[in-house]
Amino acid sequence: MQERLDKARRLEALGVDPFGARFDGAEPIAALRERCPDEPLEDPTAAPAGRGAGRVMRYRDHGKVVFLDIADRTGVIQVYLRKNDIGDDAFAIVQLLDLGDHLGVAGTVQKTRKGEVSLFAESVAFLGKAMLPIPEKWHGLRDVEMRYRRRYVDLFANPDVRDAFVKRTGVIRDIRAFLDARGFLEVETPMMHPIVGGAAARPFITHLNALDMPLYLRIAPELYLKRLLVGGLERVYEINRNFRNEGMSPRHNPEFTMLEVYEAYGDYHSMMDLTEALFVELFSRYCGDTKVTYQGMEIDVAGPFRRAKYHDLFEEAAGFGFYDREQVIAKAKALDVFDAEAPYEKIANEVFEELVEVNLVQPTFVYDYPKAICPLTKAKRDEPEVAERFELFVCKMEIANAFTELNDPVDQEARFAAQVATKDDEAPGEIDHDYVRALAHGMPPAGGLGVGIDRLIMLLNDAASIKDVILFPFMRRIDEVPGAVDAADAEDEGAEDADGPGGMSGAGEP
RNA sequence: GGGGGCGUAGCUCAGCGGUAGAGCAGUGGCCUUUUAAGCCAUUGGUCGAAGGUUCGAAUCCUUCCGCCCUCACCA
C-alpha cells in the first residue's frame, strides 16, 4: 500500500496523473484479438493498428522488454512492450506499473514468435493506479465470503463470474424480447405498497414521513398488474424485485427478481404454453438444444415438458388419494410434517412436497391444485375443489407458478376476508378493498404467470446458490475496520486521525 | 433457531501440544519474444475475538463473531 502510494507520487513526478483520464478509441479486446493476423508477419510494419485498454493482470519483466496481460470486459490480450519502441519516458511509466492498474495501449496487433496474440505497443497511457493487490493469479479469489462481499474483486479476478452475470443480463433481455414480440407491454408498478398482497410472505416494513404512514416493500406485484388488466392493457409484464422478510438459503435471497406476466382472455393452459415456449427457447440458446446438466442432474429440455395433474402425481407417489384423509394424515405423521393446527389441504400439500416435489427433476408442469391453497386462483367450473393453477418444477426447484386469475369480486372479497381472519402472520393484515373494486369494474378472464428469474438463471448457469446469480447478494453486515487506504492516509497525515475508527466513514453511523 | 464444517501472510493453502511455513503477490537486483517466464536476494502474521487447561496453545476446552452446508421456516 505504502509502496503503491509512493509509485503514484513517482508517476506524478513524471507528469502522469496516477488516476488517469479519458482514453478514446479503445477497441474491445475480443475485437482486437479477432483482427490479429494468423501467423507472425515477415514485415511487422504491415500489422493492423490496434488500441486497447484494460486492467493489468500479469506482468513479465525481461529488463528492456516487458510482457503484460491486460483484461477488459471482453477478454485478455498480451501487450508486448520494448523500450526501443515506446521510448525511455513511457518505459519509465511501464516500470512503475502494478498488477491491477489500468493501462491504455496503442500499437499493432500481431502474433509473437511463440504465436501469442499480442498488442505490440507503440505508446501507452497510464489510466489508473490500484492501491490494493489483485488476488493470486492462478487460483483467483476462492473464498466465497470475500467473493460475495467484494464482488468488485470477484468480477475482475474470476472471468467465469463476469461471464455468468453477462449471461444473466442476456437472459433477461431475451425474456423481454420474447414477451415484447408477443404483444406484452412491460410496465412498472409500485415497489412500496400500503397493503401487503399478491402472495403469502412476511414483508419488510418502512415508513413514509411525508404522509406519516406505514408502507411495505412489495412481496409481489400481482395485484397491481391485474389492475392494469382491468384498465385494458390486456397483456402486461414486469421484471423487478420482490422483497420477502423470510429465511435465507441457497435458493432464497431477501430481495429477488420476479417476472410476472398477465394475459387477458388467456388461462393457465395458455400460460403453460407460453412458459414452455420461453423455457425451450432459453435453454436452447444458453445451454443446449436437448440435454442440460444442472448440479449433476441431466434434464431433457427439448420440450414438450411433462404435464401432470397434482392429484395424479400425489396418488402415483403415495399410493392413495389426496382426500384419503386417514392415510394422508398417517403419512404426514410418518414424514414428520403433521401439524394439528393446519387445515387439511395444507397438511396434504406437505405430503405432496415430501413425496413428489423432491423427485421432480425433469421439467414438469404440475397442474390442477387443491383450491384451498390457492387464494387468488379461479376454480375449475366442473371441479369446484380444484384450482386452475400450475407450477413448473425443474431439477426439484419450483421455477414458475401460474393460474387462471380469479376475477369474481365477490368471491375475491370473501377469500381475502377468510385470509385476514386466519391471523396467520403471513396473511395480509387487511383486505385490499381497492383491488376488489377494480375487479368489480370487470377484469377480463386472464392467465397469470410468475417466474423466479434468479432460479431460472441458476439453472442456465448451473449455479448451486442464488448468491452466484445475484451481483450483490445479501450478507450480514460486518463492521469493517478502516480500510487500508484510510489507514495509510492516517499514517501519512500524522497524528490527527490517530483517534482511530471513530472519525472514519463506512463502519459507523448510517 | 437446531445440527455439521470452516476461519493461519494481500491471495491460494500446509502445519493440528514444543521457535509461524510454502507458492503466488510485494520489495531490491539480472535479463530486448515471455506467457503460472526464469535466476539471486528479501519484506510480510494479535494463527477470526475473548477466556480457560498446560511448563508450553495456531493446535485441546468454553463462549462469542463471520461464512458454508443441512434441517426448520418459506403457497
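Numbers restart at 1 for each chain; the letters A, B, ... are given by sequence-line order, proteins then strands.
Although no hydrogens or angles enter the test, the distance criterion places no donor-acceptor pair under 3.5 Å between the side chain of Y216(A) and the main chain of M191(A). Using a distance-only test at 3.5 Å, with no hydrogens or angles considered, a donor-acceptor pair links the side chain of E136(A) to the main chain of W138(A).
The partner of G17(B) is absent, by the rule that a Watson-Crick or G-U pair needs both atom distances under 3.5 Å. For U46(B), there is no paired nucleotide, since no Watson-Crick or G-U wobble pair has both relevant distances below 3.5 Å. When Watson-Crick and G-U wobble pairs are counted only if both distances are under 3.5 Å, C74(B) pairs with no nucleotide at all. Partner assigned to G10(B) is C24(B), using Watson-Crick or G-U wobble distances below 3.5 angstrom. A 3.5 Å limit on both hydrogen-bonding distances identifies G5(B) as the Watson-Crick or G-U partner of C67(B). Look at G51(B): its Watson-Crick or wobble partner, with both distances under 3.5 angstrom, is C61(B). A 3.5 Å limit on both hydrogen-bonding distances identifies no Watson-Crick or G-U partner for G56(B).
Comparing atom distances between the F67(A) side chain and each of G26(B), C73(B), U33(B) picks out U33(B) as nearest. Distances were taken from every side-chain heavy atom of E246(A) (C-beta onward) to each of C68(B), C74(B), A37(B); the shortest belongs to C74(B). Of the listed nucleotides (U32(B), G66(B), A25(B)), G66(B) has the atom at the smallest distance from the side chain of R476(A). Across C68(B), U35(B), U32(B), the shortest atom-to-atom separation from the side chain of R82(A) is found for U32(B). The side chain of E391(A) has A75(B) as its nearest neighbour among A75(B), A25(B), U32(B). Checked against C67(B), U32(B), G26(B), the side chain of K7(A) finds its nearest nucleotide in G26(B). The side chain of P250(A) approaches U70(B) more closely than any other nucleotide in the set U70(B), U33(B), C68(B). Here U32(B) is the nucleotide among U33(B), C73(B), U32(B) with the atom lying nearest to any side-chain atom of N84(A).
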Dump the pairs, protein N or O against N or O of nucleotides 5-11 of chain B, anything under 3.5 Å, distances to one decimal.
{"residue": "C11(B)", "atom": "O2'", "partner": "E136(A)", "partner atom": "N", "Å": "3.0"}
{"residue": "C11(B)", "atom": "O2'", "partner": "G140(A)", "partner atom": "O", "Å": "3.2"}

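Taking atom P in both C71(B) and U35(B), one finds a spacing of 48 Å when rounded to whole Å. Between A9(B) and G44(B), the distance separating the two C1' atoms is 6 Å to the nearest Å. For the P atoms, the distance linking C11(B) with C47(B) amounts to 15 Å, nearest Å. If you take atom P in A36(B) and the same atom in U43(B), they sit 28 Å apart, rounded to whole Å. Spacing between A49(B) and G7(B) at atom P, rounded to whole Å, works out to 13 Å. The same atom, P, is picked in U59(B) and in U19(B); the two are 14 Å apart, to the nearest Å. Rounded to whole Å, the C1' atom of G26(B) lies 38 Å from the corresponding atom of U63(B). Nucleotides G28(B) and U62(B) place their P atoms 48 Å apart, quoted to the nearest Å.
Across all strands shown, A157(A) has no heavy atoms under 4.0 Å from either base or sugar-phosphate atoms. E3(A) comes within contact range of the sugar-phosphate backbone alone, with a heavy-atom separation under 4.0 Å but no base atom that close. Among the protein residues, R389(A) comes within range of the sugar-phosphate backbone only, with heavy atoms under 4.0 Å from sugar or phosphate atoms but none that close to a base. Residue F91(A) is classed as having no contact, given no heavy-atom separation below 4.0 Å to the nucleic acid. Here D98(A) lies in heavy-atom contact (under 4.0 Å) with sugar-phosphate atoms only. As judged by a 4.0 angstrom heavy-atom cut-off over every strand, L99(A) is placed among residues touching the sugar-phosphate backbone only.
Test N240(A), T257(A), V469(A) against I453(A) for side-chain contact (heavy atoms from CB on, under 4.5 Å) and you get one pass: T257(A). Residue F120(A) is tested with T108(A), V109(A), I86(A) for a side-chain contact (heavy atoms from CB on, under 4.5 Å); the sole match is T108(A).
The aromatic rings of Y323(A) and H311(A) sit parallel, their planes meeting at an angle under 30°, below the 60° perpendicular limit. Below 30°, between 30° and 60°, or above 60°: for F314(A) and F352(A) the angle between ring planes is below 30°, a parallel geometry.
Atom-to-atom, CZ of R58(A) to C1' of A37(B) comes out at 11 Å; the value is rounded to the nearest Å. Protein atom CG of N242(A) is 13 Å distant from nucleotide atom P of A75(B), rounded to whole Å. If you measure from atom CG of L5(A) to atom C1' of G26(B), you get 14 Å, rounded to the nearest angstrom. What separates CG of D101(A) from C1' of A25(B) is a distance of 13 Å, to the nearest Å. Atom CG in D468(A) sits roughly 14 Å away from atom C1' in C69(B) (whole-Å rounding). When the C1' atom of A75(B) is taken as reference, atom CG of L392(A) falls 16 Å away, rounded to whole Å. In this structure, I399(A) places its CD1 atom 20 Å from P of C74(B), rounding to the nearest Å. Here the C1' atom of nucleotide C69(B) and the CE atom of M248(A) are 14 Å apart, to the nearest Å.
In this structure, K7(A) pairs ionically with D98(A), as a charged nitrogen and a carboxylate oxygen lie closer than 4.0 Å. The pair D408(A)-K378(A) does not meet the salt-bridge criterion, since no charged nitrogen lies less than 4.0 angstrom from a carboxylate oxygen. The pair R415(A)-D411(A) meets the salt-bridge criterion, since a charged nitrogen lies less than 4.0 angstrom from a carboxylate oxygen.
Summary of the strand contacts: Y59(A) and A199(A) both lie near RNA chain B, and taking for each the nucleotide with the nearest heavy atom, the more 5' one is attributed to Y59(A).
Contact annotation: R149(A) side-chain N/O to C67(B) OP1/OP2 distance is under 4.0 Å. Taking only side-chain nitrogens and oxygens, K111(A) never comes nearer than 4.0 Å to OP1 or OP2 of U33(B).
No more than 12 heavy atoms of other residues, nucleotides or ligands sit less than 6.0 Å from atom CD of E34(A).
Counting only heavy atoms from C-beta outward, the side chains of Q78(A) and V117(A) never approach each other to under 4.5 Å.
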